[in-house]
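Below, chain A is the first sequence line, B the second, and so on; all start at residue 1.
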Protein chains: 2
Amino acid sequence: MKVSKEKQLDTLITTVNPSSYECTITVDCAIFGFQDNELKILLVKRSVEPFKDYWMLPGGMMDEGLTMEESVRKVLYGLTGIHDVHQEQVKCYSDVSRHPIKRVVTVCFYALVKPENHPVIAKNYVSDVVWHSVNEIPQLGFDHNILAVDALAKLRQNLKENLIFGELLPEKFTLKELQDLYESILDETLDRRNFRKKILQMDLLVPTKEKKVGVKGGPELYSIKINNTT
Amino acid sequence: MKVSKEKQLDTLITTVNPSSYECTITVDCAIFGFQDNELKILLVKRSVEPFKDYWMLPGGMMDEGLTMEESVRKVLYGLTGIHDVHQEQVKCYSDVSRHPIKRVVTVCFYALVKPENHPVIAKNYVSDVVWHSVNEIPQLGFDHNILAVDALAKLRQNLKENLIFGELLPEKFTLKELQDLYESILDETLDRRNFRKKILQMDLLVPTKEKKVGVKGGPELYSIKINNTT
DNA sequence: AATATTATGTGTATAATATACACAGAATAA
DNA sequence: TTATTCTGTGTATATTATACACATAATATT
């Protein structure tokens, strides 16, 4: 069966672009940090409508030439000046009326950063950038409370399965600091000896033979093992 | 500080639509079924370019008035005639060149269906719809091999955490059938007695006091407990 | 109809893992 | 110098996971 060039082209276009509905895509990012022995989330105050003066997860448009992951990195770089941030995809949200004015599909990520290393700065359409305790998240704009809850759940799940504390601790840290971090993320207390046993037998940490000063007991500092094949 | 109506409107529009990049969004679905004691995945053969004659995951455009989840249901309804399918979001994919002609962001889902209950039918731009063993997935169009692998991994993970076999078994089934299903999904063999012990103490199944005929031993049929509060 | 075959259904012993728990030593604070 | 607070360590117990064998029921075979 032969078809004309026009017909072929038509079919191709139709296939590529059937009914051609296009939609705005944004990325939002739950940025977690560990500060004052507490798990924090970075929220920005929106300075324009809609949801003016609401706290929100930082986010932005997906760029034409960038993947979502790259777009998230761009947002993070803008807010904190860092690249190389550990980030994980959480979920995609597509409720038709999640944005009151036009349809916007968003993909949520979470990222882990060290607050002390990366002072945050207000950006476009944002009047304030503040670390909030994850236990006291205010009412957020759009559906961002849902995103925040989902992101935290994903972080917890990943923490239980792997050993992901990426950017959340300084390069050298004590087991106590690591335990505090775990307890903050999981929101439960852990037995000190059992935690130590479990973590050490994972064989992912190396003792640095340095001791942390200024704290009683003189605890040993550990760092993350670089090459697991050694 | 006062601003003109025009300025306000301008700000609003800019905010809502900053640089206004829109993008085509599709949904793709790894449909799993359990047939001939094997976990199967439903693939469609594409009849148009690009990737003409390649096997693919079934999918389609996200509809203007529908969420992604609803769009997936629409695809599934078109292929199998059923609604009420258990589906889970897997991941969103946004590589800039994942589609050779234009940019398309896709969100992958998986769904669980009973093949015997739902004969599948070819649809637009599709010349064939066939159940394939998950162990013999051919080369797929676009990046669908990646989606398929991710979907199967997600299914396995969910199976280990919950008890999700949704549409994969008939209403009444024997423990053997359930175990075969688990073994197919997890791709490992399980001890019969230990499996039985574990599943039964989850307290999610109820014995029907019926026996399956045509099979030696006369095994009891179970169904899923409807209301866990009873 | 009798017999062989194949699948079901059941419990226990052992191994592996998770949990609970107390005291001596080191650094800081008083 | 002494008190305080944190670190570092091992074991006993409970819980959970794993390995494993035989009697019974239904079908298949002769």
Between [X] ([atom1]) and [N] ([atom2]), how many Å, whole number?
| X | N | atom1 | atom2 | value |
| --- | --- | --- | --- | --- |
| Glu220(B) | dA25(D) | CD | C1' | 13 Å |
| Lys212(B) | dT27(D) | NZ | C1' | 14 Å |
| Arg196(B) | dC20(D) | CZ | P | 19 Å |
| Leu178(A) | dG8(D) | CG | P | 12 Å |
| Leu200(B) | dT16(D) | CG | C1' | 17 Å |
| Glu188(A) | dT19(C) | CD | P | 9 Å |
| Lys209(A) | dT7(D) | NZ | P | 21 Å |
| Lys211(B) | dA7(C) | NZ | C1' | 12 Å |

| said: Regarding Lys198(B), tell me which of base, sugar-phosphate or nothing describes its non-hydrogen contacts under 4.0 Å with the strands shown. | reply: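 Since no nucleic acid heavy atom lies under 4.0 Å of Lys198(B), the category is nothing.
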| field | Upstream residue (5' side of DNA chain D) when Leu175(A) and Lys216(B) are each assigned their closest nucleotide | value |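 The residue whose closest nucleotide sits nearer the 5' end is Leu175(A).
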| query | Shortest non-hydrogen contact from Leu168(A) to Phe32(A)? | reply |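 Closest approach of Leu168(A) to Phe32(A): CD2-O, 3.4 Å.
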Looking at [X] and [Y], would you say the former's side chain and the latter's main chain have a donor-acceptor pair under 3.5 Å?
| X | Y | result |
| --- | --- | --- |
| Thr106(A) | Tyr93(A) | no |
| Thr67(B) | Ser94(A) | no |
| Gln89(A) | Phe109(A) | no |

| task | Look at Lys176(A) and dT7(D) and indicate whether a side-chain polar atom (N or O) is within less than 4.0 Å of OP1 or OP2. | result |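 Checking dT7(D) against Lys176(A), no side-chain N or O comes under 4.0 Å of OP1 or OP2.
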| task | Would you please confirm or rule out a distance under 4.0 Å between OP1 or OP2 of dG8(D) and any side-chain N or O of Arg192(A)? | result |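 Checking dG8(D) against Arg192(A), no side-chain N or O comes under 4.0 Å of OP1 or OP2.
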| task | Could you pick out which residue, Gln201(A) or Thr174(B), lies toward the 5' side of DNA chain C when each is mapped onto its nearest nucleotide? | result |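 Between the two, 5'-proximity favours Thr174(B).
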| Between Ile41(A) and Leu57(A), is any pair of side-chain heavy atoms under 4.5 Å apart? |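 Contact flag for Ile41(A)/Leu57(A) side chains = yes.
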| Ring centers of Phe34(A), Phe165(A) separated by less than 6.0 Å |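 Here the rings of Phe165(A) and Phe34(A) have centres that are no less than 6.0 Å from each other.
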What are the atom names and distances for every N/O pair under 3.5 Å that joins the protein to nucleotides 11-16 of chain C?
from, atom 1, to, atom 2, distance (Å)
dG11(C), N1, Arg193(B), NH1, 3.3
dT12(C), O4, Lys197(B), NZ, 3.1

| query | Taking NZ, NE, NH1 and NH2 as the nitrogens, is one of them in Glu88(A) or Lys154(A) under 4.0 Å from a carboxylate oxygen of the other? | reply |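 Judged by the 4.0 Å cut-off on N to carboxylate O distance, Glu88(A) and Lys154(A) do not form a salt bridge.
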